[in-house]
Amino acid sequence: MSSIKHVAIYGKGGIGKSCTASNIAAACAEEGHRVLVVGCDPKSDSSITLVGRRIPTMMDLILAGGEIQEKDVVFPGYKGVLCIEVGGPEPGVGCAGRGIIVAIDFLRKVSKAMENVDLVLYDVPGDIVCGGFSAPIRKGLVSQAYIITSGEYMPLYAANNICKGLRRLKTPLAGVICNSREAAAGREKEIAQRFAEELNSRLVAFIPKDPIVQQCERRAVTVIEGAPDSEIAQVYRALAREIMSGGEPRVPQPLSDERLRELSME
């Protein structure tokens with residue numbers, strides 16, 4: 001049985017999912033782990049702070065035709081993190097989620113990258129209701145998932161929806177990550193922790209809002225690289241160690257809409 005960890009990071013658009021995934025990857029690589037980041041978001045921005053620039057997407061290269069080699073789609077980033085961007089169709093044309101499966105199947109034909117690492121980290125948009133985005137789980141590409149939220153109602157609602165999809169697919173939730181928006185009158189961590197507990201899971205990290213994160217993103221570097229001695233870098237390092245340790249994955253128990261609204265108002 002393979003010891004490679006295949007972990008998906010899910011979350012509502014704009015919640016800081018790609019930023020968190022790239023910092024986790026950088027922190028894991030810093031500790032000597034071999035990491036592959038698979039950017040599954042059509043925005044193809046998962047790897048920018050790791051590589052320092054936008055890289056070509058697999059879907060664009062596949063659609064363009066011609067022979068594709070490993071060096072065309074797999075790019076080394078900070079501390080040797082390997083990066084792939086799946087990409088997607090033009091807006092309104094086709095299903096980006098199903099493109100993930102096409103790209104991964106194609107990748108396996110041209111590269112051994114997925115077989116020669118310790119961690120494969122999938123940065124996946126939170127539209128779990130789309131059959132395409134559930135396909136990586138159905139295909140057995142992902143063994144467990146983490147969800148990013150904040151203490152606000154809409155991110156909690158999106159996270160709860162993702163949990164409904166994970167439960168339907170019998171995929172364990174390894175934990176909830178709260179990326180703070182400084183919401184809920186200072187009770188954001190408490191709300192996120194209660195949410196995680198009621199899901200039959202746990203809060204594995206509370207990431208405070210810190211201007212250093214935005215400053216590093218503007219420089220196209222992770223916090224781990226751009227501000228290695230900062231407090232926020234230590235938060236990402238602790239989260240990376242949590243993910244590599246395996247946590248306590250459990251199939252989630254989504255909240256009712258009524259309870260979710262009550263929780264966000266407490």
Side-chain angles (χ1 to χ4, degrees), residues 6-26 29 35-78 80-117 119-142 145-148 158 162 165 217-218 220-222:
H6 290 260
V7 175
I9 306 287
Y10 281 100
K12 174 183 178 293
I15 197 63
K17 173 176 49 61
S18 296
C19 173
T20 302
S22 61
N23 276 288
I24 290 169
V35 184
L36 170 65
V37 172
V38 181
C40 301
D41 194 314
K43 296 194 304 296
S44 62
D45 60 352
S46 305
S47 58
I48 291 175
T49 57
L50 289 163
V51 181
R53 61 184 175 87
R54 192 175 291 276
I55 63 176
T57 73
M58 291 192 65
M59 290 304 295
D60 284 346
L61 293 172
I62 291 170
L63 292 172
E67 184 180 353
I68 300 174
Q69 299 178 17
E70 182 179 56
K71 65 181 178 62
D72 299 319
V73 292
V74 181
F75 293 81
Y78 176 72
V81 174
L82 299 179
C83 301
I84 298 163
E85 291 287 356
V86 171
E90 294 180 13
V93 182
C95 173
R98 297 202 181 281
I100 296 171
I101 299 305
V102 173
I104 295 300
D105 286 346
F106 187 85
L107 174 67
R108 284 175 162 162
K109 294 178 182 177
V110 300
S111 171
K112 298 290 185 184
M114 296 188 76
E115 302 169 19
N116 298 324
V117 293
L119 171 67
V120 182
L121 199 59
Y122 299 87
D123 176 8
V124 190
D127 190 5
I128 193 73
V129 297
C130 168
F133 288 129
S134 68
I137 294 174
R138 293 182 189 278
K139 290 273 285 186
L141 297 175
V142 172
Y146 289 82
I147 294 177
I148 298 183
I162 293 167
E217 283 197 316
R218 284 193 288 270
V221 294
T222 61

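Remember, predicted model here, so these are calculated numbers, not experimental data.
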Partners meeting side-chain contact (heavy atoms from CB on, under 4.5 Å) with [X] (sequence neighbours left out):
X	result
Thr20	Ile24, Ile148, Ile207, Tyr236, Leu239
Ile84	Leu36, Met58, Val74, Leu107
Thr222	Ser22, Asn23, Ala26, Thr49, Leu50, Ile224, Glu225

Subject >> Derivation and outcome, side chain to side chain donor-acceptor pair (under 3.5 Å), residues Ser47 and Glu85 >> reply: CA-CA 7 Å; Ser47 58; Glu85 291 287 356; 2.9 Å; yes
Applying side-chain hydrogen bond (donor to acceptor under 3.5 Å, both in side chains), can you list everything that pairs with [X], at least two apart in sequence or on another chain?
X	answer
Glu115	none
Arg53	none
Ser46	Asp123
Lys43	Asp41

Heavy atoms, side chains only, cut-off 4.5 Å: are [X] and [Y] in contact?
X	Y	answer
Val51	Ile48	no
Phe75	Leu82	no
Lys17	Lys12	no

Subject >> Distance in Å, Thr57 OG1 paired with Met59 CE, rounded so as to fall on 0.5 Å steps >> reply: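 With rounding to 0.5 Å, OG1 (Thr57) is 7.5 Å from CE (Met59).
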Original post:
Could you give the distance from OH (Tyr10) to CD1 (Ile147), rounded to the nearest 0.5 Å?
Top reply: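 Going from OH on Tyr10 over to CD1 on Ile147, the span is 9.0 Å.
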Without placing hydrogens or testing angles, list every side-chain donor-acceptor pair under 3.5 Å for residues 61-68, not counting sequence neighbours.
none

Original post:
Where do Asp45 and Ser18 come nearest, in terms of heavy atoms and distance?
Top reply: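 For Asp45 versus Ser18, the nearest heavy atoms are OD1-OG, 3.6 Å.
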Original post:
For the residue pair Leu121 and Ala21, what are the closest heavy atoms and their distance?
Top reply: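 Heavy atoms only, the tightest pair is CD2-O, 3.4 Å.
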Subject >> Short side-chain to backbone donor-acceptor contact, Asn116 and Ala113, under 3.5 Å >> reply: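 No: the side chain of Asn116 does not pair with the backbone of Ala113.
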